[in-house]
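This structure is a prediction, so every number in the text was calculated from the model and none was measured.
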Amino acid sequence: MSYMAASSLLLLLFFSGSPIHILGLGVGINYGQIANNLLSPSRVVYLLKSLNISRVKLYDADPNVLVAFSHTNVDFIIGLGNEYLPNMTDPIKARNWLQQRVQPHLPQTRITCITIGNEVFKTYDHQLWSNLLPAMQTVYDALVDLGLDKQVTVTSAHSLDILSISFPPSAGSFRQDLGEYLHGILNFHAEVKSPFLINAYPYFAYKDNPNEVPLDYVLFQPNQGTVDPITNLKYDNMLYAQVDAVHSAIKAMGHNDIEVRISETGWPSRGDDEEAGATPENAGLYNGNLLKRIEEKQSTPAKPNVPVDIYVFALFNENLKPGPASERNYGLYYPNGTPVYNIGVQGYLPGMVYTSPSTKIALSVVSNVLFLVIAYLISAWKLVDLKMEGSSD
C-alpha cells in the first residue's frame, strides 16, 4: 500500500468514526437571544453548519450575528420588534433603519425577509394594532426605493389566538375584533406575494386540557386522528389541523393565493408543576417526529401539494425569558451547545463533539493526537515506499 492510499484510508477511518455526520434537514430554526450565557455567533455558525440548517429566524437585526454568518449561504429572517412599529410608519425612519441595519450586510449575508412586529394582536394594544399595516407598507416601500424588494420581503408573525374558530379546520375563522386589521394585512400579502406567518403550538392546547387532548395526537405519534366533518379530511396531528384552520380563515376573507408558513412551533423540555407535558421525553418526540415529517416534505390535508414550511422554536434555552419555566426551556440545545435531549441528529462544535447531554468528547485533544499518529504512519509508509523503490532499482 502506498503512503497516499494509507493516508486516505486513515483519514476515512478517522472521520467515519466521529459521530458528527448530519442528514440535511429542510427546516428553519429560531435563534432567540434573551439570555446572558449563549455561544458566540461565530460558534453558532459551526453548530448550524454541522446540522445542515440553512434557514435562520432572528427577532432583531443583530449585526454580530449577521456579520458572523456572512458568506455562509444561510437565509435569514430578521425582525423589527413591536417597539419599532410607531417609528416604522415614518418613511424616513424606515429608510434609515434599512440603510443602517440591512444594507451593510447585503449581499454577503442572505437576508430574505423582515418581520414587522411579533404577535402584535396578542398585546391588546390598539395603537400597536393600528400601526402594524402602515409599518409593513412603509418598510416595503422603502425596500422598493432602495431596490431591495426583489430579495427581501416583508411580513409579520401572528399567534394562533387570532383565530376565533380552529376546529374543524374547514370552519377556521379570524376573531371579529381583528377583521378590519387583518383584511388590510391580507391584501398587502396578496399584493407583494409575501407569506402569512403563524406561531402554532399544539403544546398549549395539551397543557390547558391534558385530560381532553390526546397526547399522541399532539406529539405526531400513532393515533386514531380526527376527521373534519365538513370536508371528511382526516388529521393525524394537531399542528396540521391548526395550519389548515388558518388557510380556511384566510379563504373566508377572500384570498386563495397567500402562503401560510409556521414561523414558530416547538415543545418545552421543562416547565412549572402546573405545566402538563413539559418533559424532555415529550419534547424529543414532538421535535423528532416533526423533523421526520419535514424531511418527508409532508403537506397538510387541505393543501396536499404544498409542503409545510416550518421554523422550529428554538435553537437554545434562553435563561432570561420572563414567564413560566417552560418559556426558558424550548431549546434543542443548552446555551453551551450540548443537546437538551436526543432527536436523532447530532451537532458539532470546534473542540467538542456532542452525542448526548451526558457525553462530551474533547475533540481538540483527541484529534491532535490522532493526526500526529496519522502523520507518523504516513511518514513511515512513505519511507518504506522510498526504500522499496531504491531496492527495485
Side-chain angles (χ1 to χ4, degrees), residues 26-31 45 48 52-63 65-81 84-85 87-118 120 131-158 182-198 246-247 250 254-264 297 303 305-311:
V27 63
I29 194 78
N30 282 277
Y31 179 7
V45 171
L48 294 187
N52 267 353
I53 290 177
S54 60
R55 298 191 303 151
V56 175
K57 179 170 164 283
L58 297 177
Y59 293 86
D60 54 20
D62 185 348
V65 174
L66 296 176
V67 168
F69 277 85
S70 62
H71 307 291
T72 60
N73 293 323
V74 173
D75 290 341
F76 270 90
I77 297 175
I78 61 173
L80 270 163
Y84 284 92
L85 262 61
N87 283 340
M88 290 303 106
T89 61
D90 182 324
I92 295 175
K93 291 179 179 178
R95 184 185 179 98
N96 287 343
W97 186 85
L98 290 170
Q99 288 176 321
Q100 294 168 13
R101 306 303 295 270
V102 178
Q103 268 194 313
H105 303 289
L106 297 173
Q108 63 273 19
T109 301
R110 290 170 55 168
I111 299 171
T112 61
C113 182
I114 302 172
T115 56
I116 311 298
N118 184 56
V120 168
N131 283 334
L132 179 55
L133 178 57
M136 294 171 69
Q137 291 172 322
T138 304
V139 171
Y140 177 78
D141 290 343
L143 286 168
V144 172
D145 291 342
L146 295 170
L148 300 176
D149 57 300
K150 302 303 181 186
Q151 62 188 103
V152 183
T153 191
V154 171
T155 185
S156 186
H158 306 280
L182 289 171
H183 181 74
I185 288 171
L186 292 172
N187 287 340
F188 170 83
H189 284 300
E191 180 183 348
V192 306
K193 308 299 182 188
S194 65
F196 188 87
L197 303 186
I198 191 79
V246 176
H247 282 133
I250 292 174
H255 293 280
N256 289 308
D257 54 348
I258 298 173
E259 180 186 2
V260 175
R261 296 182 186 176
I262 301 175
S263 43
E264 288 183 19
K297 301 186 184 302
K303 295 282 185 179
N305 299 317
V306 183
V308 184
D309 191 304
I310 296 175
Y311 282 77

Asks: So, taking the atom named CG in L182 and the one named CG in L133, what distance separates them when rounded to the nearest 0.5 Å?
Replies: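 Here the rounded value is 10.0 Å.
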Asks: Which heavy atom of K303 sits nearest a heavy atom of N256, and at what distance?
Replies: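 Scanning both residues completely, I find the closest heavy atoms to be NZ-O, 4.2 Å.
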Asks: Is the shortest side-chain heavy-atom distance between M136 and H189 below 4.5 Å?
Replies: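 Result yes, sub-4.5 Å side-chain heavy-atom pair found.
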Asks: Calculate, to the nearest 0.5 Å, the distance between atoms CG and CG belonging to N118 and D60 respectively.
Replies: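 That separation rounds to 11.5 Å.
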Asks: Can you find a pair of side-chain heavy atoms, one from V260 and one from I250, that are under 4.5 Å apart?
Replies: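 V260 reaches I250 side chain to side chain.
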Asks: So, using ring-ring contact (aromatic ring centres under 6.0 Å, His included) as the criterion, who are the partners of Y31 when residues are at least two apart?
Replies: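 For Y31 there are no ring-ring contact (aromatic ring centres under 6.0 Å, His included) partners, ignoring immediate neighbours.
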Asks: Look up atom CD1 in I114 and atom CZ in R101, then write down how far apart they are to the nearest 0.5 Å.
Replies: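 It comes to 11.5 Å.
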Asks: Decide yes or no for I77 and V56: does some side-chain heavy atom of the first lie under 4.5 Å from some side-chain heavy atom of the second?
Replies: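 No - every pair of side-chain heavy atoms lies 4.5 Å or more apart.
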Asks: The criterion is side chain to side chain contact (heavy atoms under 4.5 Å, CB included); which residues satisfy it with Q100, sequence neighbours excluded?
Replies: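 If we apply the side chain to side chain contact (heavy atoms under 4.5 Å, CB included) test to Q100, skipping adjacent residues, the hits are N96.
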Asks: Hey, is the main chain of A135 close enough, under 3.5 Å, to the side chain of T89 for a donor-acceptor pair?
Replies: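 Looks like no, no N/O pair under 3.5 Å.
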Asks: Roughly how far, to the nearest 0.5 Å, is the CD1 atom of I258 from the CD atom of E191?
Replies: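 If I round to the nearest 0.5 Å, the distance is 11.0 Å.
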Asks: With rounding to the nearest 0.5 angstrom, report the NZ to CG distance, K93 to L98.
Replies: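 So the gap between those two atoms works out to 14.5 Å.
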Asks: I want to check a possible cation-pi pair here: R55 against Y311, using under 6.0 Å from ring centre and within 45° of the ring axis as the test.
Replies: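 Relative to the ring axis of Y311, which defines the angle, R55 lies inside both limits.
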Asks: Would you sort out whether M88 and W97 count as a side chain to side chain contact (heavy atoms under 4.5 Å, CB included), showing the intermediate values?
Replies: CA-CA 9 Å; M88 290 303 106; W97 186 85; 4.0 Å; yes
Asks: Locate the shortest heavy-atom distance separating V27 from I310; write the atom from each residue and the value.
Replies: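 Closest pair (atom of V27, atom of I310, distance): CG2-O, 3.8 Å.
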Asks: So, do S194 and F188 sit near enough that their side-chain heavy atoms are less than 4.5 Å apart?
Replies: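 Yes - at least one pair of side-chain heavy atoms lies under 4.5 Å apart.
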Asks: With a 4.5 Å cut-off on side-chain heavy atoms, are H105 and S70 touching?
Replies: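 Not in contact.
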Asks: In the structure I gave you, are the side-chain heavy atoms of I78 and V102 within less than 4.5 Å of one another anywhere?
Replies: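 In contact.
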Asks: Set out, in order, the CA-CA distance, both residues' side-chain angles and the distance that settles side chain to side chain contact (heavy atoms under 4.5 Å, CB included) for T138 and D90, then state yes or no.
Replies: CA-CA 7 Å; T138 304; D90 182 324; over 6 Å; no
Asks: To the nearest 0.5 Å, tell me how far T112 OG1 sits from L106 CG.
Replies: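 The OG1 atom of T112 sits 10.0 Å away from the CG atom of L106.
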Asks: Quickly, which of V65, N73, L66 forms a side chain to side chain contact (heavy atoms under 4.5 Å, CB included) with F69? Name it, please.
Replies: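 Single pass found, and it is V65.
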Asks: What's the verdict on side chain to side chain contact (heavy atoms under 4.5 Å, CB included) for V67 and T109, showing C-alpha distance, side-chain angles and the deciding distance?
Replies: CA-CA 7 Å; V67 168; T109 301; over 6 Å; no
Asks: Please say whether more than 12 non-hydrogen atoms of neighbouring residues, nucleotides or ligands are located less than 6.0 Å from NE2 in H255.
Replies: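 Enclosed: over 12 neighbouring heavy atoms sit under 6.0 Å from NE2 of H255.
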Asks: Could you pull out every donor-acceptor pair under 3.5 Å between side chains of residues 146-158 and any protein atom, sequence neighbours left out?
Replies:
from : atom 1 : to   : atom 2 : distance (Å)
T155 : OG1    : P195 : O      : 2.6
S156 : OG     : I116 : O      : 2.7

